[in-house]
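To start, the structure under review is shown below, and the notes come after it.
Start at 1 and go down the list; that is how both ligands and their atoms are numbered.
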Amino acid sequence: MREEFLPFARPDIGEAEVQEVVETLRSGWITTGPKTQEFERAFADAVGASHAVALSSCTAAMHLALEALGLQPGDEVITTPYTFAATAEVIRYFDARPVFVDVRPDDLTIDPDGVAEAVTERTRAILPVHIAGLPAEMDALAAVAERHDLPIVEDAAHAFPTRYRGRTVGSLSTATCFSFYATKTLTTGEGGMLTTEDAELAARCRSMALHGLSQDAWKRYDQGGSWFYEIVAPGFKYNLSDLASALGLVQLRRSESMAERRREIAARYHDAFADEPALQPPHDREDATHAWHLYMLRLNLDRLDVARDRFIDLLTERRIGSSVHFIPLHVHPYYRETYGYRPEDFPVAHGEYLREISLPIHSRMTDGDVEDVVEAVLETAHAHGRVQRVSG
Ligand SMILES: *Cc1c(COP(=O)(O)O)cnc(C)c1O
């Protein structure tokens, strides 16, 4: 058994990141400035987008995208209940309604047929989530969006770098929102990025991220800048600092090798678990490149004499960290009480949540770490396996 606890997630920060941040600290410019501009350009290039706006979080990016689209109280935005708090709270910021559509049982992305059925007169946007780093069915969603002239705003918090049918997530829709939170595939500690093809939308988000000030107000303390600015709207404070962007620039350069390491780990897990009847490895798709932000294993509970929570405790006893993604939004007190949901209203999201375990999958894991996870999961499954008896 391992001596040291293997954490579920751990940022992959090397000496190059440390150097770049220290240089920025010494440069005399630490908030939004030249490093952030460089990070935006490099990120836009990486995903093939025309515009990238660096922000303090993915939550901020989604909030600003919906603001730029003019979301109003009473409007509806179609999204998935199988996600993190941020995806729906940004809709509630406007006193608008998140309309949940259940996910598909195989890949846990939002069901495009359900989305088509959920569209009403009040629908203003579709907000899919690329869960674990696997893209939602974007072509089918785009067809629904086009039919009703709706924008798509993507929650791509898990989806860097991800490809869908040969195209890069970040270049597919009206606005794409990435997260650089500490556990994500590229981190700046806290941070996010909005990408878009729409110059006007980008400009609105950039201004609203900095108090609704007029263009380029961040330069007001620099030599080439001006002290003059105008407040054009009551904005927010969502800009990303140069310290964070310095970290992001180095992470971006390393993103392909970090992604490759996560793909290797996913492949090893898949090989190890594919033939075990108590385990269902996560779905992958031919038409996509998975970012493997999460490795969402599912337990076949009828093949086990323990439930998911106990399985997690048994892994913890073996010093393997794990997590659960996600407690569906509609079972949380706020959404239950506000909209009267019951767990069975979105039966796939709720059912899959009950049997899901996310295993560690980060690029700093050694081969030994990966084998420790494999061994702990397989031995726990064997020790608690239940043979299915065929009756009759
Ligand atoms: C992490 C996460 C977010 C929020 O990202 P922040 O950068 O922390 O705001 C949004 N959606 C999903 C699905 C996430 O996992």
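- Heavy atoms of A61 stay at 4.0 angstrom or farther from ligand 1.
- Every atom of ligand 1 is numbered from 1 in the order shown, and the set under 4.0 Å from a heavy atom of A86 is 4 (C), 10 (C).
- The cationic atom of R308 (NZ for Lys, CZ for Arg) lies less than 6.0 Å from the six-membered ring centre of Y353 and within 45° of the ring axis.
- Applying the 6.0 Å contact sphere to CG of L314 captures more than 12 heavy atoms from other residues, nucleotides or ligands.
- Looking from atom 9 (O) of ligand 1 to the surrounding protein, the closest heavy atom is T59 OG1, 2.5 Å.
- Counting only heavy atoms of the protein, atom 11 (N) of ligand 1 lies nearest to D155 OD2, 2.7 Å.
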For T366 and D369, what are the C-alpha separation, side-chain angles and deciding distance, and is it a side-chain hydrogen bond (donor to acceptor under 3.5 Å, both in side chains)? CA-CA 5 Å; T366 65; D369 292 335; 3.3 Å; yes
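- Looking at ligand 1, you'll find an N or O of C58 within less than 3.5 Å of one of its N or O atoms.
- Protein heavy atom nearest atom 15 (O) of ligand 1, with residue, atom name and distance: H158 NE2, 2.6 Å.
- With ligand atoms numbered from 1 in the order given, ligand 1 contributes 2 (C), 3 (C), 10 (C), 11 (N), 12 (C), 14 (C) to contacts under 4.0 Å with heavy atoms of A157.
- When I126, L141, I152 are each tested for a side chain to side chain contact (heavy atoms under 4.5 Å, CB included) with S173, only one passes: I152.
- Set against the non-hydrogen atoms of G191, the atoms of ligand 1 under 4.0 Å away are 7 (O).
- Ring geometry for Y341 versus F100: interplanar angle of 30 to 60°, hence tilted.
- The distance from ligand 1 to the heavy atoms of T83 drops below 4.0 Å at these ligand atoms: 13 (C).
- Taking the six-membered ring for Trp and thresholds of 30 and 60 degrees, H350 and H330 have ring planes more than 60 degrees apart, a perpendicular arrangement.
- When each of E260, E15, E17, E20 is paired with R254, the salt bridge (Lys or Arg N to Asp or Glu O under 4.0 Å) condition holds for E17 and for no other.
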What's the verdict on side-chain hydrogen bond (donor to acceptor under 3.5 Å, both in side chains) for E89 and H63, showing C-alpha distance, side-chain angles and the deciding distance? CA-CA 9 Å; E89 85 193 22; H63 182 190; over 6 Å; no
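- The shortest contact between atom 5 (O) of ligand 1 and any protein heavy atom is with S179 OG, 3.2 Å.
- Taking atom 14 (C) of ligand 1 as the reference point, the nearest protein heavy-atom neighbour is K184 NZ, 3.3 Å.
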